[in-house]
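Heads up: the structure comes next, in structure tokens.
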Amino acid sequence: MPTVKLSFSPAPAHVRTARLVGVAVARRAGVAEELLEEIRLAIGEACSRAVALHRSNGVDDLVDVAMDDGDRFTVRVVDRAGNGTALAPPPTDPALFLADSAPPVVGTPEGLSEEAMAARMGLALLAGLVDDLEVATVGDGVGTEVSMSWPVERRLVDG
């Protein structure tokens, strides 16, 4: 069971809250101070991506964020943005965005809004930012889960 769960409406204003909570939970879990900025950026990007996908698809469902402070600090961001033909989720292997043979992105593919393109580019940014990143389709293609984790150095003890 996750340590902290958040669900928020797909509005950009709520991304800041997710970032703040994520950094607080990471700090409490014992993640090294030098990784906290990376975590803040990664949570912000993953949540912004989910919000953009929801908005570009006209989906009002909540965005879910789960944070677990077990052996590694893990954050999972789940969207329910759908997967219509023109709005299919991006490839689930983020390494595809970093491959030298990947074709350059030129212009906006026909049928995609700027928000949808920003959401797809968000995975490329996450792939360069987070070492342990997984992206999976969830709910029979109804959405995607972005899972990220970082090492925990020490556990803080109450007292």
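The residues of the chain are indexed from 1 along the displayed sequence. These numbers come from the heavy atoms of this one structure, side chains and all, not from hydrogens, waters or symmetry mates.
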Counting C-beta onward and ignoring hydrogens, is there a side-chain heavy-atom pair between [X] and [Y] closer than 4.5 Å?
X	Y	value
Arg55	Val51	yes
Arg27	Glu33	yes
Val65	Phe8	yes
Met148	Leu129	no
Val152	Asp71	no
Val75	Trp150	yes
Asp68	Phe73	no

Can you measure from CG (Leu62) to CG (Leu6) and round to the nearest 0.5 angstrom?
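Atom-to-atom, Leu62:CG and Leu6:CG are 11.0 Å apart.
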
To the nearest 0.5 Å, how far apart are CG in Leu36 and CG in Leu41?
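It is 11.0 Å, given to the nearest 0.5 Å.
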
Checking side-chain contact (heavy atoms from CB on, under 4.5 Å) against Val146, which of Arg76, Glu45, Arg49 comes through?
Arg49

In a check of side-chain contact (heavy atoms from CB on, under 4.5 Å) between Asn57 and each of Val59, Asp60, Asp61, which one passes?
Val59

Hydrophobic clusters join Ile, Leu, Val, Met, Phe, Trp and Tyr when side-chain heavy atoms are under 4.5 Å apart, directly or via other members; which others share one with Val138?
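ILVMFWY cluster around Val138 also holds Val78.
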
Those residues at least two apart in sequence (or on a different chain) that pass salt bridge (charged side-chain N to carboxylate O under 4.0 Å, His left out) with Arg72 are Asp132

Starting from Val4, can I reach Val31 by hopping between I/L/V/M/F/W/Y residues whose side chains sit under 4.5 Å apart?
yes

Can Leu35 be reached from Val23 by stepping across I, L, V, M, F, W or Y side chains whose heavy atoms are under 4.5 Å apart?
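As far as the 4.5 Å side-chain criterion goes, Leu35 and Val23 are connected within one cluster.
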
For residues 9-16, which side-chain N or O atoms pair as donor and acceptor with protein atoms under 3.5 Å away, sequence neighbours left out?
unit_1, atom_1, unit_2, atom_2, d
Ser9, OG, His14, NE2, 3.2

So, His54 side chain and Arg80 main chain: donor-acceptor pair closer than 3.5 Å or not?
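Yes.
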
Main-chain N/O of Ala81 paired with Asp79 side-chain donor or acceptor, under 3.5 Å:
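Side chain of Asp79 to backbone of Ala81, a donor-acceptor pair under 3.5 Å: yes, one is there.
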
Checking Ser7 against Asp64 for the side-chain hydrogen bond (donor to acceptor under 3.5 Å, both in side chains) test, could you report, in this order, the C-alpha distance in whole Å, the side-chain angles of both residues, the deciding distance, and whether it holds?
CA-CA 4 Å; Ser7 294; Asp64 291 324; 2.5 Å; yes

Show the nearest heavy-atom pair for residues [X] and [Y], with the distance to one decimal.
X	Y	answer
Ser147	Thr74	OG-CG2, 3.9 Å
Ala50	Val77	CB-CG1, 4.1 Å
Glu34	Glu153	OE2-OE2, 4.3 Å
Met67	Ala18	CE-O, 3.9 Å

For Thr3 and Asp69, does a side-chain donor sit closer than 3.5 Å to a side-chain acceptor?
yes

